[in-house]
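Okay, structure first, notes after.
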Amino acid sequence: MAAKTVSLPLQPLPLPHSQPPPGFVNSHCASLYVGDLDPQVTESDLVKLFSTVGPIASVRLCRDISSQKSLRYAYVNFVHHYHASMALARLNHTYLKGFPMRIMWCQRDPLSRKTGYGNLFVKNLPPSINSLQLHSLFSRFGTILSCKVAEENGKSKGFGFVQFDTEESATSALYALHDTVIDEKKLYVSKFMKKSERMAAQEELNFTNLYVKNLSEDTTEELLRDQFSKFGKVSSVAIMKDNQGKSRGFGFVNFESSEDAKNAVGALNGAFIGSKYLFVGRAQRKTEREELLKREYMERCNYTNEQLKASNLFVNNLSTSVDDNKLKKHFSTCGQLTSVKVMCLDNGISKGFGFVRFSNPEDAMKALHTLNGTTLEGKTLYVAIAQRKEDRIRTLQNHYAQFSPPETFYNCNWNVHPFFYHFPPCPSSNQLLSQPIMYQDCQQYPLVTQTYHDRFSIFVPNRQKEWDNTRDQVYQQHLLKNNGTPGGLKLDSRKKGNKRSGPGESTYTGSAGAKGGAHTAGTSPGKSRRNLEKVLAENLQITGMLLENNSSDITKLLNPPNALGCSSFGGK
DNA sequence: TTGGATT
């Protein structure tokens, strides 16, 4: 059946050391998972092959309990971690009885396999790329846990999988390698999605049935039909009613065409109909809704409260033209959203800020890092981890307590430096709640480094220059107004003391210091951005080479010698 | 052309 022949090594490999060298990788794990085995592979085949690398403690080939047929995977337990590590480097993707083995560190916790964390799907691979080459191509972006090209009868099926140990590595690889041309084929790289998830995504694109809520009591099915028919042929309208025949405030409108349904969502979601603002969105099937709720619940169970908090983002400086849908569109590029809300006044006009909740904190962090400072409808977005109201009040009160000058500061008639205008004079909790501020504290999120800047600057790190320029302009205008003097301050020594403790002074120092803080902190957006840029730059070079060179050069490029200078055992 | 694992 398989085109390739048995490929046991012809002679035992030379062992560079019988014992792990001092200071070698800290892990004690010496167990490997060996998958995708030929069904004919036996325990003795595995022992024979793996013991060429180092002493083996045990091998277990998993078999069906009743038929005793091989389940095509095994555990190989070495005596030493070092030899396990070496076997992984030398034998992964090599052929045993015609099948390339997929070797991984033994990972008993199925979570990463089940969730698809860091997992990519790659398709449109040229037939020349096998698992080892795919591994080489992706390995520059991080640590690969598992990688394979799907094969049938020894021939590539043109697609494969690469799972990294972090989402960050996977995202870097995706951005860098998607659309790269190899052997005249343009790679397609995406996040791995289970079939059910893809079907659901497809369904989301092709829906015809709409869920309509927030209906006023007097809204009739006829009125709804009238409104929705403006966008295309409506096949049914139903408002849900209670036992007394009273509207339950929600219903369904089904269109004949999915395009019309989408247009209706765009136009009528948020529209004022009857005496209320409608919510209009894709109707979910009952099972789908139940599944979603169940999944959300399960996902929440896998995260700590602190991480869950970090799935919700606060988005400020929204244009009044941005509604829930536009916000959703802008943020859904970073992952699956579970809710989007632009906060509005009673008259439906946007308050200029909103909240975006992702299904997981990783996607929320990606959005925070990639979308903070981006432009939407002409305005520069400010994105931060959302805080609960009570946390925000506490943070702000602490903030003001630290920086507020004595009461006399507010009562005097100084010509105050314009930097001070950032601060309202009376931080009562009512006032704190009445308007959004530019900054929400990140201290609750465990993965974000705490710096002075993180806690106290009201300025967005990667917009720092723009902010500084704006403030300089404000200050210049201020100077002009005051005949070129910095406000004509007449300070006695007491007042100078006050000024030094004033909020504007502290903020200015804090934000200036933040430039260093934001770019040197271990997990800061600055570093992440730099890494990504580096990776992209490297890839551009590689892509350039791939485009220019012929296939033999490409093979060399994709198939560098592995850790021990040995590319594989035969097979090909 | 979208995966996976019982020592």
Side-chain angles (χ1 to χ4, degrees), chain A residues 28-39 41-47 50 56-79 81 84 87-88 92-93 99-131 134-135 138 144-153 155-165 170 173-174 177-205 336:
Chain A
H28 296 296
C29 178
S31 295
L32 298 176
Y33 162 85
V34 184
D36 296 348
L37 290 169
D38 180 300
V41 166
T42 64
E43 288 84 347
S44 65
D45 291 328
L46 292 165
V47 169
F50 282 85
I56 287 173
S58 65
V59 163
R60 179 174 177 105
L61 176 65
C62 295
R63 294 175 181 277
D64 180 87
I65 201 154
S66 54
S67 69
Q68 284 301 296
K69 275 189 177 169
S70 165
L71 291 170
R72 304 191 50 201
Y73 66 91
Y75 297 96
V76 176
N77 305 307
F78 281 88
V79 176
H81 167 86
L88 180 65
N92 197 9
H93 309 304
F99 279 74
M101 292 176 291
R102 185 169 53 86
I103 308 178
M104 300 169 65
W105 287 109
C106 179
Q107 174 56 268
R108 298 195 70 178
D109 181 357
L111 197 67
S112 76
R113 291 193 295 275
K114 296 263 189 278
T115 59
Y117 181 80
N119 200 9
L120 298 176
F121 170 66
V122 188
K123 71 176 178 181
N124 216 24
L125 288 165
S128 56
I129 300 283
N130 62 19
S131 296
L134 189 70
H135 197 122
F138 279 78
I144 291 173
L145 300 179
S146 166
C147 168
K148 84 167 176 198
V149 171
E151 287 189 8
E152 199 166 39
N153 297 330
K155 282 178 74 178
S156 164
K157 288 168 87 176
F159 67 94
F161 311 92
V162 183
Q163 184 160 23
F164 286 93
D165 65 340
L174 190 155
L177 293 176
H178 178 62
D179 277 350
T180 301
V181 177
I182 300 176
D183 279 1
E184 298 179 339
K185 299 219 37 165
K186 197 188 257 187
L187 288 197
Y188 170 94
V189 185
S190 68
K191 287 212 167 189
F192 171 77
M193 281 172 87
K194 285 196 180 73
K195 195 173 184 181
S196 58
E197 290 170 339
R198 286 202 318 282
M199 303 283 278
Q202 196 60 35
E203 204 164 285
E204 274 192 38
L205 288 174
Q336 194 185 1

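Numbers restart at 1 for each chain; the letters A, B, ... are given by sequence-line order, proteins then strands. Just so you know, these numbers use all the heavy atoms, side chains as well, and skip hydrogens, waters and symmetry mates.
Taking the side chain of A:Ser146 as heavy atoms from C-beta on, and the options B:dT6, B:dA5, B:dG3, the nearest nucleotide is B:dG3. Across B:dT2, B:dA5, B:dT6, the shortest atom-to-atom separation from the side chain of A:Arg113 is found for B:dA5. With B:dT6, B:dT1, B:dG3 as the candidates, the nucleotide lying closest to the side chain of A:Phe161 is B:dG3. Closest contact between the side chain of A:Met193 and the listed nucleotides B:dT7, B:dA5, B:dT2 involves B:dT2. Of the candidates B:dT1, B:dG3, B:dT6, B:dT6 carries the atom nearest the A:Arg108 side chain, counting heavy atoms from C-beta on. Listed candidates were B:dT7, B:dT6, B:dT2. Nearest to the side chain of A:Ser31 is B:dT7. Counting only heavy atoms from C-beta on, A:Ser190 has its side chain closest to B:dT2 among B:dA5, B:dT7, B:dT2.
When rounded to the nearest whole Å, the span between CG of A:Leu37 and C1' of B:dT6 equals 15 Å. The separation between A:Lys114 atom NZ and B:dA5 atom P is 9 Å, rounded to whole Å. Remark: C1' of B:dA5 and NZ of A:Lys148 are 12 Å apart, rounded to the nearest angstrom. Atom-to-atom, CE of A:Met101 to P of B:dA5 comes out at 16 Å; the value is rounded to the nearest Å. Between the CD atom of A:Glu197 and the P atom of B:dG3 there is a distance of 10 Å, given to the nearest Å. Rounding to whole angstrom units, OH of residue A:Tyr117 and C1' of B:dG3 are separated by 19 Å. Residue A:Phe78 contributes atom CZ, which lies 19 Å from atom P of B:dT7 at whole-angstrom precision. Counting to the nearest Å, the P atom of B:dG4 and the CE atom of A:Met104 are 12 Å from each other.
Using a 4.0 Å heavy-atom criterion, one finds that A:Asp36 contacts no nucleic acid atom at all. Among the heavy atoms of the strands, none lies under 4.0 Å from A:Leu125. At a threshold of 4.0 angstrom between heavy atoms, the contacts of A:Arg63 include nucleobase atoms, whether or not backbone atoms are also involved.
Aromatic stacking is not marked for A:Phe159 over B:dT1, as the cut-offs of 5.5 Å for the centres and 30° for the planes do not both hold.
Donor-acceptor pairing under 3.5 Å is lacking for the side chains of A:Arg102 and A:Ser131.
Residue side chain A:Asn119 reaches the base of B:dG3 through a donor-acceptor N/O pair under 3.5 Å, judged by distance alone.
Distances shown here put every side-chain N or O of A:Tyr73 at or beyond 4.0 Å from the OP1 or OP2 atom of B:dA5.
The aromatic rings of A:Phe138 and A:Phe164 lie tilted to each other, with the angle between the two planes from 30° to 60°. Below 30°, between 30° and 60°, or above 60°: for A:His135 and A:His93 the angle between ring planes is above 60°, a perpendicular geometry.
Between the CD1 atom in A:Ile182 and the OG atom in A:Ser128 there is a gap of 8.0 Å [rounded to 0.5 Å]. Going from atom NE2 of A:His178 over to atom CG of A:Leu187 covers 9.5 Å, rounded to the nearest 0.5 Å. If you take CG on A:Leu174 and CZ on A:Phe192, they are separated by 14.0 Å, rounding to the nearest 0.5 Å.
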